[in-house]
Amino acid sequence: MTASVADRTTRYWHLGDDGRVVCDLCPRHCALRDGQAGFCFVRRNVGGQLELATYGRASGFAVDPIEKKPLYHVLPGAEVLSFGTAGCSLACRFCQNWEISAATELAILGIDASPEAIAATAARRGCQGVAYTYNDPTIFAEYAIDTARAVRASGLLNIAVTAGYIEPPPRAEFFEFMDAANVDLKSIRPDFYRRIVNGHLEPVQDTLRYLVHETDIWVEVTNLVIPGLNDSEAELHELAAWIASDLGPDVPLHLSAFHPSHRMLDVSRTPPATLRKARQIAIDEGLHFVHTGNIADEEGSTTYCPQCGASLLVRNGYTVTKDAIADGHCPTCAALIPGIWVDPATALRLRRMTK
């Protein structure tokens, strides 16, 4: 399937006074002359209209455990169909998927797939949802939105794995059919976003507040802990305190280990001890569900009841080895454990068990 011109024409742009096409999707607001591509590389001025070069074209598909997204409070043990395209609205020096996100050639998009085909494939493979991931799905918003509609119609869940760098008007439409999201909060310091990410912190915080307080989407947060850049105790306290106060203590936080990549090959891997200390800091700041990632750490990958401390979900890597949650509650003390614990069809009716 090759996308038509109508498919490729985007919805979020306007003509500037100087005749350039101005993209309204992300905070960059790229102003483009005919033939120019935006910062993301994939949104382009073609004859006075903004087109999405990646509509209907994917860089790859995989069936993954939902824990890999990572999402720990959504259908434990479920499998989801993951896919992405190319390009990104940020330029993280440490990007772990830089071959896709920093691509400047469309040749990596080797798979043609319509939204309907993606939904049908997920259902045929026995997946319980579709994850929009690998590169940030907000930059292929129109493709993701159309796919999410088809996935929802198939009775499956939609999952966004995103950096949250999107403007409010398109944000509402992008997340309308999403059921869960993992948002990458790269740092709580604006200077980190400017120097290391080539972006701004405030739009990401605004997206997180919007998702948690203005939608019924289940939200989890990931922070990649990078030695010497965002791993100080002071910053970790600040990060966890912001999540607890602005988002709430029940929002799960995943503290993930960095490994040398892209433009940071000279930075060492995150020591496991750093992640364990970071987890304790976040717990001390009042967060109920804090996990470590990319290291072997049974305690850090286990979900505990915040009321009685009972072990509820035990994981070995991405495999769930114990699931003791009973209808969304702790079986020991009956405390409500927030998340999406029911099958997709029921989840689509309930959306979230708590708010």
Side-chain angles (χ1 to χ4, degrees), residues 65-78 159-161 164 179-185 188 208-209 211-213 215-225 236-257 272 274-342 347 351-355:
I66 200 167
E67 286 76 16
K68 194 174 182 179
K69 299 305 98 188
L71 286 169
Y72 279 12
H73 283 233
V74 181
L75 303 179
I159 296 163
V161 181
D179 301 287
N182 185 291
V183 180
D184 190 7
L185 180 58
I188 199 62
L208 278 163
R209 293 189 193 99
L211 291 174
V212 171
H213 300 301
T215 78
D216 57 1
I217 294 169
W218 177 253
V219 178
E220 302 190 20
V221 174
T222 291
N223 176 251
L224 185 70
V225 181
L236 292 167
H237 274 287
E238 189 178 345
L239 175 80
W242 183 83
I243 293 172
S245 64
D246 281 49
L247 306 183
D250 284 338
V251 172
L253 170 62
H254 300 264
L255 298 160
S256 188
T274 298
L275 288 191
R276 294 188 179 101
K277 176 181 277 189
R279 178 174 178 269
Q280 188 58 54
I281 287 172
I283 292 171
D284 292 343
E285 288 291 346
L287 295 184
H288 292 161
F289 307 105
V290 186
H291 302 286
T292 54
N294 289 345
I295 65 168
D297 180 13
E298 182 174 312
E299 182 176 356
S301 62
T302 297
T303 297
Y304 297 94
C305 175
Q307 182 165 294
C308 73
S311 170
L312 301 175
L313 286 159
V314 179
R315 303 171 182 88
N316 180 7
Y318 299 127
T319 302
V320 177
T321 59
K322 172 186 175 182
D323 182 355
I325 292 178
D327 295 325
H329 293 79
C330 171
T332 302
C333 70
L336 183 66
I337 308 301
I340 300 176
W341 311 114
V342 293
R351 292 302 301 270
R352 263 183 68 182
M353 297 186 67
T354 65
K355 186 61 186 154

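All residue numbers in this chain count up from 1 along the given sequence.
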Which pair of heavy atoms, one from Ala180 and one from Leu71, lies closest together, and at what distance?
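Of all heavy-atom pairs spanning Ala180 and Leu71, the closest is CB-CD1, 4.0 Å.
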Which heavy atom in Leu253 sits nearest to a heavy atom in Ile243, and how many Å separate them?
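Minimum heavy-atom contact is CD1-CD1, 3.9 Å.
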With sequence neighbours excluded, give me every salt bridge (charged side-chain N to carboxylate O under 4.0 Å, His left out) pair touching residues 304-314.
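Matches after skipping sequence neighbours: none remain.
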Is there any salt bridge (charged side-chain N to carboxylate O under 4.0 Å, His left out) pair reaching into residues 297-315, and which pairs are they, with sequence neighbours excluded?
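Listed once each, the pairs are Arg276-Asp297, Arg279-Glu299.
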Among pairs that include at least one residue of residues 243-255, which meet side chain to side chain donor-acceptor pair (under 3.5 Å), considering only residues two or more places apart or in two chains?
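Every side chain to side chain donor-acceptor pair (under 3.5 Å) pair that includes a residue of residues 243-255, provided the two are not neighbours, is Arg209-Asp246, Glu220-His254, Trp242-Asp246, Asp250-His288.
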For the backbone of Trp218 and the side chain of Asp216, can you confirm whether one donor and one acceptor N or O come within less than 3.5 Å of each other?
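Checked: no pair found.
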Look only at the side chain of His291 and the backbone of Gly300, and say whether a donor-acceptor pair between them is shorter than 3.5 Å.
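Yes: the side chain of His291 pairs with the backbone of Gly300.
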Side-chain contact test, heavy atoms from C-beta onward, threshold under 4.5 Å: evaluate it for Val221 versus Asn182 and give yes or no.
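No, their side chains stay 4.5 Å or more apart.
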Heavy-atom side-chain contact between Pro331 and Leu312 under 4.5 Å
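Yes, side chains in contact.
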Just checking, any donor-acceptor pair under 3.5 angstrom between side chains of Ser256 and Asn294?
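The criterion, which ignores hydrogens and geometry beyond distance, is satisfied for Asn294 and Ser256.
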Does a donor on one side chain and an acceptor on the other come within less than 3.5 Å for Thr222 and Asp184?
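No - no donor-acceptor pair under 3.5 Å links their side chains.
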Under the salt bridge (charged side-chain N to carboxylate O under 4.0 Å, His left out) test, residues paired with Lys277 that sit two or more places apart
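Glu233.
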Set of side-chain contact (heavy atoms from CB on, under 4.5 Å) partners for Pro65, sequence neighbours left out
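For Pro65, the residues satisfying side-chain contact (heavy atoms from CB on, under 4.5 Å) (neighbours in sequence not counted) are Glu67, Lys68, Tyr318.
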For Ala334, side-chain contact (heavy atoms from CB on, under 4.5 Å) partners two or more places apart
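For Ala334, no residue satisfies side-chain contact (heavy atoms from CB on, under 4.5 Å) once neighbours in sequence are set aside.
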